[in-house]
Protein chains: 2
Amino acid sequence: MASTPARHPPVMADVARAAGVSHQTVSRVLNDHPNVRPETRTRVLTAIDQLGYRRNLLARALVTKHSRTLGVVSFDTVLYGPASTVYGIERAAREAGYFVSIVSLRTIDRAGVRDAVDYLAGQSVDGVVVVAPQRSAARALADLPPDLPAVAVEGGHSGDVSVVSVDQAEGGRLATQHLLDLGHATVWHVSGPADWMEAEGRAEGWRATLRAAGRPVPEPLAGDWSPRSGYEAGRVLAGTDGVTAVFVSNDQMALGVLRAFAERGVRVPEQVSVVGFDDIPESAFFSPPLTTVGQDFGAVGRRSIEVLVRQIESSRAGPRERFVVPPRFVARASTAPLR
Amino acid sequence: MASTPARHPPVMADVARAAGVSHQTVSRVLNDHPNVRPETRTRVLTAIDQLGYRRNLLARALVTKHSRTLGVVSFDTVLYGPASTVYGIERAAREAGYFVSIVSLRTIDRAGVRDAVDYLAGQSVDGVVVVAPQRSAARALADLPPDLPAVAVEGGHSGDVSVVSVDQAEGGRLATQHLLDLGHATVWHVSGPADWMEAEGRAEGWRATLRAAGRPVPEPLAGDWSPRSGYEAGRVLAGTDGVTAVFVSNDQMALGVLRAFAERGVRVPEQVSVVGFDDIPESAFFSPPLTTVGQDFGAVGRRSIEVLVRQIESSRAGPRERFVVPPRFVARASTAPLR
DNA sequence: GTATGCGTTGTTAGCGTTCACAGTCGTGCT
DNA sequence: AGCACGACTGTGAACGCTAACAACGCATAC
């Protein structure tokens, strides 16, 4: 009966002994090296199986200099958008054979992003994905360690990292054009926070579409993504003459707008049409069901990992890439032709 | 001018050379060992600073057997509840000095959980948090590696791991009692999926409260957490006589119920009172604003990390603990006294 | 028969850190 | 003076793995 030398998990040397080969041969089998005799390979494999051996990835990372771990820096991962993006990233990374280490920031500023990346770099991540939807965060991309592969999600084009994002301006255009096509003279806008690039992009698409159609551009109302801010904007709009169409920068705020309108007796879509953005799972069941613009967060996550992994696995001086995922318009019951 | 020996990041030996000490002394400074002369310490510290040295956590983990990384296995991290929980876990872990490696499962079954834990164990995590709200996932806790510190969130009491959870039954009781106090003869229920323990707990609290008050217990309607399933349940309830109060197992389904009622001309709360569960950010702006039961996910995250870290840092044969976080009732406008 | 080559295996030396142990020095005691 | 003891520091050997090289056997070629 073989003495059990230790209660510690078996290491490569144990496998080697059991299979009657050297530890290096075990390593070769594990790493699919070509020149191992089939018979030897199976002997090693059965030894691995019998001992329940699992290779120590830490030791491997120490010598290969690759941890096969990716860092993700995100912000407010409770919001639907960031949560979905991070989910997509995690899934794609795992499919590509990478672990994911996550840091969620409360406030996203230059120092915060830098600290988070430092923290992750200390853990020897092979690369980082920074979900940087705010202008301040995008600026922080400029002082990433230059030798660390990185990709920004929704990060704008500052700094020299690759960027994957949804075409927010196109989304704003789709929403606004839809409302104009319904016969509305112009479209009001409830925007997201000023420093968010997504908010800017959506507002820009809205403004450009109105301009191109030769319509007046009303002063946008500023929100902060929260239902409450939408509610407050909605109260203002309900008390403003001539408002027949509103493009709200996200679905949560649109919910607030609908609520304010309901309280004031403004009927949607009969009197005012409302379009949101994000297509959260709830929006199909708002009262009325919300016309909105959907984003494919899964695609964003997949793309970003694709770009990052390519950057890691090729020479690291890869050219920065730029990937734009198109939004998709979702028509529901909160919009109607002007009568 | 000191020659730069390599473009590689500096290691402990480089610092030692610069400070004129041995690598071991550098290690001692880094680990706050007591017996280092203050002058030597500052010399080492300045050398570290000058070289921009950062200690290699991989090498450290290899020898100490502690990676200071925690694994998190979760399910459907796009939902508000799991997303918030994971967020709380991540934050608490980082504050405790641990990294967090996340695996998000699509389907959560015994094999899935085991694979995920194996995967994480291969990365040498010091412990795992399993967010296991489904009965099948809770069962999977039984075959976790016995020597791996673990804590289950919302995981029931099967297996012998510590559990942190919100008192779902108490939440169900609060909701139901509130409706009874308003004078309703009984309370209908739209439940979550059958195999979710949270759904079970809430239903149990509801049922027990009705029984204790000697009220009839209507057959619950089964949902799947989605707004759509709530909508369908709502249509059934709208067509059922004698329904004056409904306790819905989460806010998303409650939204669907409200929508169905609105379509059928059932006025809330005048004709029917509705209570949800979760207190998602949107629910204050539903039409009408939703009375609901909130869960402190942040507390759940903090507690679970607390328990896990204690288990890791003490002898690993810690007794399994059980932590219950109380829910909190949130009164809004979707409930009213029966007239 | 020796040379050349390839397929296969083993040996050795790291990767960057911590741990165990062994020094060295100065201080206080007998 | 001699000794013990504490504070401080250095040396060597791990941790578990892969990379580089060396060595072996055997076939093929000259």
Side-chain angles (χ1 to χ4, degrees), chain A residues 5-45 47-48 51-69 97 99 121-126, chain B residues 5-45 47-48 51-69 97 99 121-126:
Chain A
R7 57 194 319 92
H8 293 291
V11 298
M12 207 172 254
D14 298 325
V15 175
R17 201 174 312 117
V21 295
S22 75
H23 62 127
Q24 177 60 0
T25 299
V26 178
S27 172
R28 276 192 269 257
V29 170
L30 251 29
N31 295 323
D32 280 327
H33 274 240
N35 297 336
V36 177
R37 198 144 43 98
E39 189 223 304
T40 313
R41 159 168 279 116
T42 54
R43 210 150 32 118
V44 169
L45 255 21
I48 286 175
L51 297 179
Y53 168 76
R54 305 211 53 180
R55 129 167 87 183
N56 183 326
L57 295 178
L58 254 42
R60 178 181 158 90
L62 182 60
V63 49
T64 60
K65 311 278 191 194
H66 297 300
S67 62
R68 295 202 74 80
T69 298
F99 292 90
Q123 211 207 14
S124 313
V125 295
D126 290 345
Chain B
R7 54 194 323 91
H8 292 292
V11 298
M12 206 172 254
D14 298 326
V15 175
R17 201 173 313 116
V21 296
S22 75
H23 62 125
Q24 177 58 5
T25 298
V26 178
S27 174
R28 274 193 270 258
V29 169
L30 250 29
N31 293 323
D32 280 327
H33 273 243
N35 297 336
V36 177
R37 196 144 45 98
E39 189 225 305
T40 313
R41 161 168 276 116
T42 53
R43 209 149 35 119
V44 169
L45 254 23
I48 287 175
L51 298 179
Y53 167 76
R54 305 212 51 182
R55 127 169 90 184
N56 184 327
L57 295 178
L58 253 43
R60 179 182 158 91
L62 180 59
V63 46
T64 60
K65 310 280 190 193
H66 296 300
S67 62
R68 295 202 74 81
T69 297
F99 292 89
Q123 212 207 13
S124 312
V125 294
D126 290 344

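Every chain is numbered from 1, with letters handed out A, B, ... down the list of sequences. Keep in mind that the numbers below use all heavy atoms, side chains included, and drop hydrogens, waters and symmetry copies.
Across the protein-nucleic acid pair, Arg68(B) atom CZ and dT18(C) atom P stand 13 Å apart, rounded to whole Å. Rounded to a whole Å, the CZ atom of Arg55(B) is 9 Å from the P atom of dT17(C).
Scanning all heavy atoms of the two residues, the minimum distance from Asp126(B) to Arg68(B) falls at OD2-N, 2.8 Å. Nearest heavy atoms, Leu51(B) versus Ala18(B): CD1-CB, 4.1 Å.
Taking Arg54(A) as the reference, Asp118(B) meet the side-chain contact (heavy atoms from CB on, under 4.5 Å) condition, with sequence neighbours excluded. For Leu57(A), the side-chain contact (heavy atoms from CB on, under 4.5 Å) partners two or more places apart in sequence, or in a different chain, are Arg55(A), Arg60(A), Phe99(A). Legend: residues meeting side-chain contact (heavy atoms from CB on, under 4.5 Å) with Ala121(A), ordered by chain and number and at least two apart, are absent. Ala59(B) is linked by a side-chain contact (heavy atoms from CB on, under 4.5 Å) to Leu62(A), Asn56(B), counting only residues two or more places apart in sequence or in another chain.
Note on Asn35(B): a base of the nucleic acid sits closer than 4.0 angstrom, heavy atoms only. Among the atoms of the strands shown, only primed sugar atoms or phosphate atoms (P, OP1, OP2) are found under 4.0 Å from some heavy atom of Thr25(A).
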What are the atom names and distances for every N/O pair under 3.5 Å that joins the protein to nucleotides 19-26 of chain C?
unit_1	atom_1	unit_2	atom_2	d
dC19(C)	N4	Gln24(B)	OE1	2.8

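Counting only N and O atoms by type, the side chains of Gln123(B) and Ser67(A) include no donor and acceptor under 3.5 Å apart.
Mapping heavy-atom proximity under 4.0 Å, the span of DNA chain D touched by chain A runs 5' to 3' from dG16(D) to dA20(D).
For the pair Arg60(B) and dG16(C), the criterion of a side-chain N or O lying under 4.0 Å from OP1 or OP2 is not met.
Shown are Arg28(A), Arg41(A), Gln24(A); of these, the side chain to side chain contact (heavy atoms under 4.5 Å, CB included) with His33(A) is made only by Arg28(A).
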